[in-house]
Amino acid sequence: MEAKEWKEKVLQEKKNGYDRMPAGEREAMDRYCAGYKAFLNAGKTERECVREGIRLAEEKGFRPYARGMELKTGDKVYLDNRGKMLLLAVIGEKSLAEGAQITAAHIDSPRLDLKPSPLYEKNELAYLKTHYYGGIRKYQWVTIPLELHGVVALKDGSAVTVTIGAGDEPKLVINDLLPHLGAEQSKKTLAEGIAGEQLNLLVGSEPLEGEEKDRVKLAVMKRLYEKYGFTEEDFISAELEAVPAANAVDVGLDASMIGAYGHDDRVCGYAALKALLDLEEVPGKTAVCVLADKEEIGSVGVSGMLTAAFDTFMEDLCESQGVPVRVCLERSFCLSADVTAAYDPNFADVYEERNASFLNYGVGLCKYTGSRGKGGASDASAELVAYIRRIFDDNGVIWQMAELGKVDAGGGGTVACYMANRNIDTLDAGVPVLAMHAPFEVVAKLDCYMTYKGMAAVYKN
């Protein structure tokens, strides 16, 4: 063979996804991304994502799962775990003794949580104290409009849903120091410029007449009580999250990207959910979608991926067929669907270009995540990577390999190791993201759509 023929035969050529995607798929991609943006706008917290996920699932014929209910081929069920974790399944043609096809993503995102006793007044300004959740860069959260979403649980057993700042409502903000007085602050590192205890939400300045002390704080509390019916003590049993007050928008003159809060990891969570809901035929193996909470702080707690809720759900499904759950899990496959770092030319020094993921090159496959010496990674086998390569290629999924930066530059984790610890063959895959963990992240529409196609291919195979 000539050199050109050898080149085509043995060398890898990376191509932009727009050079590979059939022209007829452009409309489907845009339609999918419009649905994804709507999902992001409806789900700015894990609780809201679960509610929206249930709404979409019920529209597609899914029904709540109750332990002991009879299940047959083609049945569609979901389980709401405490309003913060969602598990769904479509019962396949084959016995669960042959395993299940699983996707697992997380729906929590970095944010600011209110402290249990957050409200205070200082120099006739009212503030709410926060404790940041997950890995944020604190300086990015100041001087941007914020909203407050969540629930306040009352002692009588009821719960009040709270949404402050949505739509045309007044927003909240965290102040920064003006440059004229910021000489000393400017000498600090980015990590030190804004301290955690300075992430205080400005919530009011108008005093309540007829009171001498903490008049602004009292006025704020009066408004909260009149609208939501809770008192200052009720903050103790509240889960209130400060999130960016901006909806998902198209980015770029060509509208080829989406900018929003929460791409990590709702961009993969929605893909996993939507692909399951769109199954037109009964899958060969039972298809399972897991949307978990708490990944950003270690996947702990009753709604994180380490919880027994997933194991119990799978055990219940297996018992309906008389199959030991251990037999099912050891023959199952899981695509751990989490985002990866997209190559950013502005910060090229922290990426290893040959193994980085790029916008518009498709869903990124990560053989391992972790940090530095693969610490915390599940490190999928060669056979498993080949399995997904085959599935994706056979189903027209545009994909690329990905690593999270240079070997010693840092790293990150996913839920993959927790699924692998259950004796489930697991591989990471997800959408490349620019400015990951920022209040406004950017992804490419092509990569979003190809991740959805990849999830669908997993369920079908």
Side-chain angles (χ1 to χ4, degrees), residues 12 14 89 92 94-106 265 268-269 271-272 275-276 283-290 292 295 299 305-306 310-311 314 325-341 354-357 361-371 373-404 407 411-432 447 450-461:
Q12 178 185 13
K14 297 180 180 180
K94 299 179 180 179
S95 167
L96 279 162
E98 298 189 43
Q101 295 291 94
I102 304 167
T103 63
H106 69 91
D265 182 38
C268 296
L276 188 75
K285 292 184 177 182
T286 293
V288 177
C289 173
V290 184
E295 192 275 341
S299 295
M305 203 62 246
L306 283 169
F310 168 74
D311 307 85
M314 293 302 298
V325 68
R326 65 182 184 278
V327 173
C328 173
L329 296 185
E330 69 188 15
R331 297 176 182 175
S332 294
F333 168 74
C334 176
L335 196 68
S336 171
D338 207 341
V339 297
T340 188
R354 287 186 57 82
N355 290 284
S357 62
Y361 278 68
V363 55
L365 298 183
C366 300
K367 187 179 185 297
Y368 45 82
T369 52
S371 59
K374 298 186 181 180
S378 63
D379 204 359
S381 69
E383 292 86 352
L384 203 59
V385 177
Y387 166 72
I388 286 297
R389 286 175 58 199
R390 181 171 65 253
I391 287 179
F392 281 6
D393 286 346
D394 289 349
N395 287 273
V397 179
I398 297 172
W399 59 273
Q400 59 185 315
M401 291 305 296
E403 277 194 347
L404 197 63
V407 172
T414 67
V415 302
C417 59
Y418 310 121
M419 300 303 279
N421 286 347
R422 293 175 163 101
N423 200 23
I424 302 172
D425 279 329
T426 305
L427 176 66
D428 274 302
V431 176
D447 301 330
M450 287 301 156
T451 302
Y452 160 76
K453 285 189 65 176
M455 303 297 173
V458 168
Y459 292 141
K460 294 173 183 177
N461 285 272

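- In this view, Ala275 and Tyr452, Met455, Ala456, Tyr459 satisfy the side chain to side chain contact (heavy atoms under 4.5 Å, CB included) rule, not counting sequence neighbours.
- The minimum heavy-atom distance between Cys268 and Ala105, with the atom names listed, is C-CB, 4.0 Å.
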So Asn355 and Met401, side chain to side chain contact (heavy atoms under 4.5 Å, CB included) or not? Walk me through it.
CA-CA 7 Å; Asn355 290 284; Met401 291 305 296; 5.8 Å; no
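- A 4.5 Å side-chain heavy-atom check between Leu404 and Tyr368 finds every atom pair outside the cut-off.
- Across every non-hydrogen atom of Ser378 and Cys417, the tightest pair is CB-CA, 3.8 Å.
- Arg326 CZ to Met314 CE: the interatomic distance, rounded to the nearest 0.5 Å, is 14.5 Å.
- Of all heavy-atom pairs between Thr369 and Gly413, the closest is OG1-CA, 4.2 Å.
- Met419 CE to Phe333 CZ: the interatomic distance, rounded to the nearest 0.5 Å, is 10.5 Å.
- The two residues Ser357 and Ala341 have their closest heavy-atom pair at OG-O, 2.9 Å.
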Acceptor/donor pairs from residues 385-394 side chains to any protein atom, 3.5 angstrom cut, sequence neighbours excluded:
from, atom 1, to, atom 2, distance (Å)
Tyr387, OH, Gln101, NE2, 3.1
Tyr387, OH, Asn461, O, 3.4
Asp393, OD1, Trp399, NE1, 2.8

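- The CG atom of Leu365 sits 10.0 Å away from the CG atom of Leu384 when rounded to the nearest 0.5 Å.
- With sequence neighbours excluded, no residue forms a side chain to side chain donor-acceptor pair (under 3.5 Å) with Asn395.
- Within the structure, the salt bridge (Lys or Arg N to Asp or Glu O under 4.0 Å) test picks out the following pairs touching residues 377-386 (sequence neighbours left out): Lys367-Asp379, Lys374-Asp379.
- Using a 4.5 Å cut-off on side-chain heavy atoms (C-beta onward), Val363 and Ile398 make no contact.
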Kindly list each side-chain donor-acceptor pair under 3.5 angstrom involving residues 422-432, sequence neighbours excluded, with atom names and distances?
from, atom 1, to, atom 2, distance (Å)
Arg422, NE, Asp311, OD1, 3.2
Arg422, NE, Asp311, OD2, 2.9
Arg422, NH1, Met305, O, 3.0
Arg422, NH1, Tyr418, O, 3.3
Arg422, NH2, Met305, O, 2.9
Arg422, NH2, Thr307, O, 2.9
Arg422, NH2, Asp311, OD1, 3.0
Thr426, OG1, Ile424, O, 2.8
Asp428, OD1, Ser336, OG, 2.9
Asp428, OD1, Thr414, OG1, 2.8
Asp428, OD2, Thr414, OG1, 3.2

Please step through side chain to side chain contact (heavy atoms under 4.5 Å, CB included) for the pair Asp338 and Glu295, ending with a clear verdict.
CA-CA 10 Å; Asp338 207 341; Glu295 192 275 341; 3.7 Å; yes
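- Using a 4.5 Å cut-off on side-chain heavy atoms (C-beta onward), Lys94 and Lys285 make contact.
- Take Leu96 and apply the side chain to side chain contact (heavy atoms under 4.5 Å, CB included) test, not counting sequence neighbours, and it matches Ala100, Thr286, Leu317, Cys318, Gln321, Cys328.
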For side chain to side chain contact (heavy atoms under 4.5 Å, CB included), just list the numbers for Ile102 and Val290, CA-CA rounded to whole Å, side-chain angles, deciding distance to a tenth of an Å, and then say yes or no.
CA-CA 8 Å; Ile102 304 167; Val290 184; 4.3 Å; yes
